[in-house]
Amino acid sequence: MALKLYNTLSGRLEKFVPLGDTVRIYTCGLTVQSEPHVGHIRAALVRDILMRWLNHLDYKVVALENFTDVDDKIIEKQKEFQKDWRLIAQEHIDTYLWSCDKLNIKRANFYPRASQHMEEIISLVQRLVEKGYAYEKNGDVYFRVRKFPDYGKLSKKSIDDLMAGARIAPTELKEDPLDFALWKAAKPDEPFWLSPWGKGRPGWHIECSAMSMHHLGDTFDIHTGGEDLVFPHHENEIAQSMAATGKHFAKYWLHNGWVTLTGEKMSKSTGHYSPVVEVLGRYSGNVIRMYMLKTHYRKQLEYAEARLDEARAAYATIKTYLDKHEEMPELAEPLMLSEFTEAMDDDLNTSRALGIIYELIKKGHETDNPEITASVKYYFSLLGFVVEEKAVLEPYAEVITIMRDVEEKLHKEKEKDILNDIKIDFYERVTKMKDVRELSNRIIGLLLDIRNRFRKEKKYDFADYIRQRLMDNGIVIDDESIDKSTFRLEAK
RNA sequence: GGCGGCAUAGCCAAGUAGAAAGGCGGCGGUCUGCAAAACCGCUAUUCGCCGGUGCAAAUCCGGCUGCCGCCUCCA
């Protein structure tokens with residue numbers, strides 16, 4: 001079986017056949033006029049999963065993700081906040097990339113910006129004018145939609161249907177209401193670039209054609225983005241690009257379903273959205289990744305706290321399993337590879353892929369096979385989850401504070417024997433330490449021993465005090481027997 | 001009005017012709033000072049509704065209902 005992807009262009013699953021040695025991907029990123037929301041992250045995650053799986057299948061991949069930093073909206077924002085549009089753009093780009101890093105989303109190879117590709121944009125518009133696909137009116141340049149026979153193929157719309165439902169305000173400048181702007185004349189106080197049609201700036205759509213063609217060539221493999229871009233953005237991209245080159249544009253079009261909030265699509269312009277920064281304040285990147293991968297990328301996904309909480313529990317199941325089981329150091333081939341591959345090859349079915357991980361875990365409990373643990377870990381990180389080293393904590397002040405408070409309490413309650421033992425024990429443990437990073441672990445180990453001593457003596461107040469203090473700091477104790485307890489970090 | 005998508009357990013979600021994956025939650029149990037965790041077991045005779053094709057339908061076809069979206073800026 002080979003990779004199959006759902007291509008919006010054909011409306012069906014297609015076998016993936018790359019055009020050349022390197023798979024070239026273009027992702028429609030943000031128009032950076034406002035802060036990124038959960039929906040943007042989903043689109044980025046789709047590219048991430050696609051890249052990871054292609055890499056796993058031994059394809060070389062080059063991926064581009066654009067930032068549209070010049071458009072009507074950002075100019076409005078500039079006026080509204082009296083802030084340079086470049087600063088507004090940069091701020092949102094920084095937030096977006098920071099968020100992507102938090103989710104361990106693979107970086108694209110390059111993030112081109114519209115404002116840095118004016119030459120390419122202008123020359124593309126010029127080509128379209130020369131070929132008769134575009135015309136200039138008062139410093140604006142429009143694309144002649146009716147001249148491009150395949151218009152509507154991607155979004156499955158016919159020109160007549162569009163006309164019937166047209167809510168497009170009749171513009172005296174356009175020959176046809178369906179025509180769209182490639183270039184817009186600058187109004188006073190607006191950013192502008194010099195062009196053969198005077199001072200102006202690009203329309204939305206043209207920058208993506210110019211940048212993808214410039215960096216990836218006239219024809220490339222995969223174009224991805226949110227489903228809301230199918231019409232008109234991607235439809236227009238196809239029309240512009242193919243009209244200019246006479247060649248096919250992108251071979252496969254992948255569109256992810258949108259993220260909804262109270263059942264309705266998140267959208268920047270209506271303010272109906274959850275900023276990703278806010279979400280990252282409450283949930284870890286791994287949890288958000290789990291939340292998104294649980295649902296197939298083409299389906300609509302509801303954003304709600306209950307879903308994130310559920311994802312956290314689902315994530316914790318795998319994380320805890322990995323923390324508690326020994327893995328095989330070297331794994332020849334992960335178990336259930338054919339099942340996992342089949343799921344991912346089927347249009348990146350992460351939902352099914354996760355199911356396979358849980359099946360492995362169930363088997364792992366029955367047999368305690370280190371090969372299973374290693375397989376789980378392998379798939380988990382293949383899906384982009386960050387798998388940290390087992391229970392190695394950075395030394396941190398909280399643990400030391402707890403230790404000190406416990407000692408103080410021991411003093412108060414005149415537990416002299418224990419205090420003496422601690423000194424010896426602590427010295428032992430610290431001198432045997434090979435790495436300073438073990439300090440927290442060693443102190444916690446000592447605290448667990450003290451606690452178990454109290455448990456044996458049935459001094460539960462003291463034992464519970466230690467447990468509570470650790471728990472308050474996200475350190476969870478698992479009692480395995482009266483003298484064996486382990487700890488782990490609460491999965492967040 | 002035109003075009004498109006979706007509907008599977010309490011919640012979420014795979015599955016698109018041949019015995020309903022998985023997760024969360026819930027219930028019962030093992031363990032246990034308690035708690036937590038972990039583990040074990042149970043939790044859809046049935047896939048929005050009606051009709052059709054077929055040996056066989058959640059899966060294909062037709063109709064209906066409901067929700068969502070696009071046609072205007074959007075990941």
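So you know, we letter chains A, B, ... as the sequences are listed, proteins then strands, and number each from 1. The analysis underlying the following values was restricted to heavy atoms, covering all of them including side chains, and did not include hydrogens, waters or symmetry mates.
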Is it the case that [X] and [Y] place a side-chain donor and acceptor less than 3.5 Å from each other?
X	Y	answer
Gln240(A)	Asn236(A)	no
Asn349(A)	Tyr297(A)	no
Asn286(A)	Tyr315(A)	yes
Glu235(A)	Ser155(A)	yes
Arg113(A)	Gln90(A)	yes
Asp176(A)	Tyr142(A)	no

Between [N] and [M], how far is it from one [atom1] atom to the other, in whole Å?
N	M	atom1	result
G10(B)	U30(B)	C1'	26 Å
A7(B)	U59(B)	C1'	14 Å
G62(B)	G25(B)	P	41 Å
C70(B)	C64(B)	P	24 Å
G48(B)	U8(B)	P	6 Å
A17(B)	C61(B)	P	11 Å
C68(B)	G52(B)	P	32 Å
A56(B)	C24(B)	P	39 Å

Return the nearest nucleotide to the side chain of [X]; candidates are [options].
X	options	answer
Lys265(A)	G69(B), C24(B), G33(B)	G69(B)
Lys157(A)	C3(B), G23(B), G33(B)	C3(B)
His365(A)	C71(B), A38(B), C39(B)	C39(B)
His37(A)	C24(B), A75(B), G22(B)	A75(B)
Thr31(A)	A75(B), C73(B), C34(B)	A75(B)
Met266(A)	A75(B), G69(B), G25(B)	A75(B)

With centres under 5.5 Å and planes under 30°, do Tyr460(A) and G33(B) count as stacked?
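Tyr460(A) ring centre within cut-off of G33(B) base, planes near parallel; stacks.
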Should stems be defined as at least three consecutive Watson-Crick or G-U pairs with both distances under 3.5 angstrom, which of them involve RNA chain B?
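So the stems come out as B:1-7 with B:65-71, B:10-12 with B:22-24, B:25-30 with B:38-43, B:48-52 with B:60-64.
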In terms of the angle between their ring planes, are Tyr303(A) and Tyr291(A) parallel, tilted or perpendicular, with boundaries placed at 30° and 60°?
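Geometry flag for Tyr291(A) against Tyr303(A): perpendicular rings.
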For the pair His56(A) and Trp53(A), name the ring-plane relationship: parallel under 30°, tilted 30 to 60°, perpendicular over 60°.
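It falls in the parallel class, under 30°.
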For Gly29(A), which contact category applies under a 4.0 Å heavy-atom criterion: base, sugar-phosphate, or nothing?
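Sugar-phosphate contact only - Gly29(A) comes under 4.0 Å of backbone atoms but never of a base.
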Under a 4.0 Å threshold between the charged nitrogen and the carboxylate oxygen, would Arg469(A) count as salt-bridged to Asp405(A)?
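Yes, Asp405(A) and Arg469(A) are salt-bridged.
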Neighbour count >12 (heavy atoms, 6.0 Å) for atom CG, Asp472(A)
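Yes, CG of Asp472(A) has more than 12 neighbouring heavy atoms, counting only those of other groups under 6.0 Å.
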If you take atom types as modelled and just measure distance, does the side chain of [X] reach the base of [N] with a donor-acceptor pair under 3.5 Å?
X	N	result
Asp479(A)	A35(B)	yes
Arg467(A)	A35(B)	yes
Arg298(A)	C6(B)	no
Lys268(A)	C73(B)	no

Testing Thr8(A), Leu229(A), Leu9(A) one by one against His234(A) for a side-chain contact (heavy atoms from CB on, under 4.5 Å), which residue passes?
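Answer after filtering Thr8(A), Leu229(A), Leu9(A): Leu229(A).
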OP1 or OP2 of [N] under 4.0 Å from side-chain N/O of [X]:
X	N	answer
Lys458(A)	C34(B)	no
Thr317(A)	C24(B)	yes
Lys362(A)	G41(B)	yes

Mapping Asn256(A) and Asp461(A) to their closest nucleotides on RNA chain B, which lands nearer the 5' end?
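Here Asp461(A) is the residue nearer the 5' end.
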Position toward the 5' end of RNA chain B (nearest nucleotide), Glu264(A) or Ser269(A)
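Looking at RNA chain B, the more 5' nearest nucleotide goes with Glu264(A).
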Which parts of nucleotides 7-17 of chain B does protein reach within less than 4.0 Å, heavy atoms only, written one letter per nucleotide 5' to 3' as B for base, S for sugar-phosphate only and - for none?
S----SSSS--
